[in-house]
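Below: one structure, written as structure tokens.
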Amino acid sequence: QVHLAESGGGLVQAGASLRLSCAASGRTWSANTMGWFRQAPGKEREFVAAISWSGVFTDYSDSVKGRFTISRDNAKNTVNLQMNSLKAEDSAVYYCAARVAGVSARYQLYDYWGQGTQVTVSS
């Protein structure tokens with residue numbers, strides 16, 4: 001079992017930046033791929049970004065590419081999401097996720113999930 005805990009959410013104005021962090025504990029060697037997803041009220045969970053164990057492979061949704069950066073520190077068992085130039089449409093609950101296999105944008109393929117952290121961007 002891998003336990004994930006997100007932090008860093010909050011309320012910001014459009015154009016601002018936020019940095020989300022996710023701390024993993026437990027069987028962290030199972031967290032080969034780490035990802036971030038988000039879900040706004042009434043919408044399906046949406047892929048944001050993912051990163052491989054080595055950090056060599058990353059993937060981003062088109063809506064955040066160029067604005068968000070995912071990174072990980074395996075020594076600290078953490079993954080971060082740096083979010084710049086935030087827009088109102090980025091408002092959602094952001095979830096950290098992990099899977100044993102490789103990078104994927106499909107939330108159905110992730111094995112472990114955090115509780116989520118709220119990000120609200122006011123326009």
Side-chain angles (χ1 to χ4, degrees):
Q1 188 77 3
V2 178
H3 301 281
L4 304 172
E6 303 95 337
S7 62
L11 170 64
V12 296
Q13 291 188 333
S17 297
L18 268 179
R19 184 178 178 87
L20 303 184
S21 293
C22 174
S25 60
R27 299 169 59 94
T28 56
W29 57 88
S30 296
N32 183 20
T33 293
M34 299 292 294
W36 287 95
F37 293 78
R38 65 188 183 187
Q39 189 165 19
K43 294 188 177 181
E44 191 175 357
R45 193 161 295 192
E46 174 189 22
F47 171 72
V48 176
I51 187 168
S52 63
W53 175 265
S54 65
V56 171
F57 299 104
T58 59
D59 191 17
Y60 296 91
S61 70
D62 289 341
S63 62
V64 308
K65 199 170 294 182
R67 298 188 298 124
F68 291 10
T69 302
I70 189 170
S71 62
R72 68 188 295 170
D73 184 337
N74 292 330
K76 297 181 179 179
N77 293 319
T78 57
V79 61
N80 300 306
L81 185 68
Q82 178 66 42
M83 306 186 295
N84 298 328
S85 303
L86 283 162
K87 305 175 182 179
E89 51 263 43
D90 294 319
S91 297
V93 176
Y94 282 70
Y95 297 92
C96 177
R99 68 187 300 248
V100 175
V103 170
S104 174
R106 295 180 59 193
Y107 72 85
Q108 300 92 336
L109 299 182
Y110 282 72
D111 305 299
Y112 307 102
W113 291 87
Q115 293 298 308
T117 185
Q118 177 71 48
V119 172
T120 304
V121 184
S122 63
S123 58

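Asn80 CG to Cys22 SG: the interatomic distance, rounded to the nearest 0.5 Å, is 9.0 Å.
Arg72 places a side-chain N or O within donor-acceptor distance of the main-chain N or O of Ser52, the cut-off being under 3.5 Å. Ser91 places a side-chain N or O within 3.5 Å of a backbone atom of Val121 that can act as its donor or acceptor partner.
For residues 48-71, no residue pair satisfies the ring-ring contact (aromatic ring centres under 6.0 Å, His included) rule, not counting sequence neighbours.
Between Tyr110 and Thr33, the closest heavy-atom pair is OH-CG2, 3.5 Å. Taking every heavy atom of both residues into account, Val103 and Ile51 meet most closely at CG2-C, 3.9 Å. Leu18 and Val119 make their closest contact through CD1-CG1, 3.9 Å (heavy atoms, listed as atom of the first residue, atom of the second, distance). The minimum heavy-atom distance linking Gln115 with Glu6 is given by the pair N-OE1, 3.1 Å.
Looking only at atom types and distance, the side chain of Asn84 has a donor-acceptor partner in the side chain of Gln82 under 3.5 Å away.
Looking at Glu46 and Ser63, their side chains come closer than 4.5 Å, going by heavy atoms from C-beta outward. Within the 4.5 Å cutoff, side-chain heavy atoms of Arg45 are placed close to those of Trp113.
Taking the side-chain contact (heavy atoms from CB on, under 4.5 Å) definition, one finds that Ser123 meets it with Ala88, sequence neighbours left out.
Within 6.0 Å of the NZ atom in Lys65, the count of heavy atoms belonging to other residues, nucleotides or ligands exceeds 12.
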List the atom pairs, donor and acceptor, that lie under 3.5 Å between side-chain atoms in residues 94-102 and the rest of the protein, sequence neighbours left out.
from	atom 1	to	atom 2	distance (Å)
Tyr94	OH	Arg38	NH1	2.9
Tyr94	OH	Asp90	O	2.6
Arg99	NE	Leu109	O	3.0
Arg99	NH1	Gly102	O	2.2

